[in-house]
There are 2 protein chains.
Amino acid sequence: MATKSNSTAKAPPRKQSAKKRRTGKRAQNKEAIRKRIVKSALHLFQTKGFDTTTTKAIARKAGIAEGTVFNYFRTKEDIALSFFEEEVDHAIAAVRDNPRLRKAPLEEKLFTLVHSQLEYLAPYERFIGAALIHALNPASHLGAFSHRAQQLRHRYLAFVTELVEESSPKQQRDALSWLVPEAFWIYYLGVLLFWLYDSSKDKEHTIAFLDRSLHVGVAFLTNGRR
Amino acid sequence: MATKSNSTAKAPPRKQSAKKRRTGKRAQNKEAIRKRIVKSALHLFQTKGFDTTTTKAIARKAGIAEGTVFNYFRTKEDIALSFFEEEVDHAIAAVRDNPRLRKAPLEEKLFTLVHSQLEYLAPYERFIGAALIHALNPASHLGAFSHRAQQLRHRYLAFVTELVEESSPKQQRDALSWLVPEAFWIYYLGVLLFWLYDSSKDKEHTIAFLDRSLHVGVAFLTNGRR
DNA sequence: GACAATCCATGAGTGTGCTCATATCTTTTC
DNA sequence: GAAAAGATATGAGCACACTCATGGATTGTC
């Protein structure tokens, strides 16, 4: 079976010179389907909640067969995760690509980071509430979202650590510096909760809280030690 | 249908004078079945892992029908949780009921607390590794174990807070005291991880680590502020 | 002891997330 | 262009956690 290369030699086929310049019908379709899945899923998560949204419904809304969903995402949670991955990447880029922040104080960078995240999440408040509060929860959890979720969390906290170290000479670090990312993680979840329950116009209270708490926190970091 | 009380009056039946003194055949059986379920589940979790243990297998091993499991526990996770509930209760009692600890220093109380937990968990190391490391995970999560799990975590941390306050006048608390339980939670998870990977005889390394880190931690708490 | 009321074990059934062999479509090769 | 090779959409099917109407057993009442 499977006559492999019936002719003389496997001519090394100059595939695609560049890395991933695929623009065939297939590649286009693939990209389109992937986007449709994420979009459909997000909409359903937002309107019906995460648990009550079935993969069948996601497929139906995206106009594909149920099995196809799993050609693109290993699990249902992965679909949600891909949204958070985009969100985190977006926020990190917002800080990195802002030249004005280059030599700004730490609290300003962190403010921009978290603020970008909230802005990005804003249209999906219900989804965040449904999926995160009950699957990520007050002070722990990422629910069933295991592994890839941790990589994401790690990527996020690594960036935060980077910002902190950039702002304070490495010599000043002491035995407690490992706590900073953990503390920031808890802090971030707290901000999210605050934001979700914030009914002030344009979430002003959250912004104010963010601003103030970051000043206090950074002050503690730099005053407390040296 | 359903002729409700065909006679004259519902004689207020003097139920059981005390709260729950049921010793009939039914109650005995119920207790026995509940214990069989937990025991069977625990054994399977330990030998096969949490995810790969089916509720059908648990029921079969306990000698009951599959549906019966769900007359006793709402979910599969709840079975595992009931084990951790017992574990936490046991450890709290071990500290509370030890008169020698009454006026011992804080680090000694915390040492006893955590040590009791480890002792209790020891026979189920594989299960802890399987269920906790991957469902409760390095620094967050309680996996799908939601709600009841949080109550448990809360109960545990409330006790820790109690111990801390007992050892230091309330006036000395400041704006950061809310962090103590959170930090202790992370610390506790860290200890668990350490313990799981500790291959020294009788987990000596863990004990040593516990002892030392608690001294340092408590010293930081009391020196750091005032 | 007999009847009624209550409890609760039962296991077939349900809907779920996910798998997999197959058919269909696209791309490559000649 | 035709045919082989490769990719991928498909949906019936699977195993699972969990539900529920049923009947049989236990308890309470006279």
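Numbers restart at 1 for each chain; the letters A, B, ... are given by sequence-line order, proteins then strands.
- A straight line from CZ of B:Phe70 to C1' of C:dC7 spans 20 Å, rounded to a whole angstrom.
- Taking the side chain of A:Ala65 as heavy atoms from C-beta on, and the options D:dT10, D:dT26, C:dG17, the nearest nucleotide is D:dT10.
- For the pair B:Lys76 and B:Phe50, the cation-pi test (distance below 6.0 Å, angle within 45°) is passed.
- Along DNA chain D, the nucleotide nearest B:Glu66 and the nucleotide nearest B:Lys25 are compared for position; the residue whose nucleotide lies closer to the 5' end is B:Glu66.
- Place A:Lys56 and A:Tyr72 on DNA chain D by their nearest nucleotides, and A:Tyr72 ends up nearer the 5' end.
- Summarising the geometry, the separation between CD on B:Gln28 and P on D:dA25 is reported as 18 Å, rounded to the nearest angstrom.
- Rounded to an integer number of Å, the gap from B:Glu31 CD to C:dC8 C1' is 15 Å.
- Rounded to whole Å, atom C1' of D:dA17 lies 11 Å from atom CZ of B:Phe50.
- Summarising the geometry, atom CZ belonging to B:Arg74 is positioned 12.5 Å from atom CD1 belonging to B:Ile79; distances are rounded to the nearest 0.5 Å.
- For B:Phe159 and B:Tyr156, the gap between ring centers reaches or exceeds 6.0 Å.
- Closest to the side chain of B:Arg26, out of C:dT19, C:dC7, D:dC18, is C:dC7.
- With C:dG17, C:dC18, D:dA7 as the choices, the nucleotide that has an atom nearest any side-chain atom of A:Thr54 turns out to be C:dG17.
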Walk me through it: do A:Tyr124 and A:Glu87 pass the test side chain to side chain donor-acceptor pair (under 3.5 Å)?
-> CA-CA 11 Å; A:Tyr124 304 100; A:Glu87 179 255 315; over 6 Å; no

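- Among the nucleotides C:dG17, D:dA17, C:dT10, the one closest to any side-chain atom of B:Ile64 is C:dT10.
- Residue B:Asn71 places no side-chain N or O under 4.0 Å from the OP1 or OP2 atom of C:dC8.
- Among the heavy atoms of the strands lying under 4.0 Å from B:Thr68 is at least one base atom, whether or not backbone atoms are also near.
- In this structure, A:Thr53 reaches the sugar-phosphate backbone alone: every heavy-atom distance under 4.0 Å involves primed, P, OP1 or OP2 atoms, never a base.
- Taking every side-chain heavy atom of A:Thr55 into account, C:dG17 is the closest of D:dT19, C:dC25, C:dG17.
- D:dT10 atom P lies 14 Å from atom CZ of A:Arg60, rounded to whole Å.
- Heavy atoms only, all atoms of each residue included: A:Arg155 and A:Ile92 are closest at O-CD1, 4.4 Å.
- Nearest to the side-chain atoms of B:Lys76 among the listed nucleotides C:dT19, D:dA9, D:dA17 stands D:dA17.
- Contact check, A:Lys30 against D:dT8: a side-chain N or O comes under 4.0 Å of OP1 or OP2.
- In this structure, A:Ile33 atom CD1 and D:dA7 atom P are separated by 16 Å, rounded to whole Å.
- Following rounding to the nearest Å, B:Ile79 (CD1) and D:dC18 (C1') show an atom-to-atom distance of 12 Å.
- Counting to the nearest Å, the C1' atom of C:dC8 and the CZ atom of B:Arg34 are 14 Å from each other.
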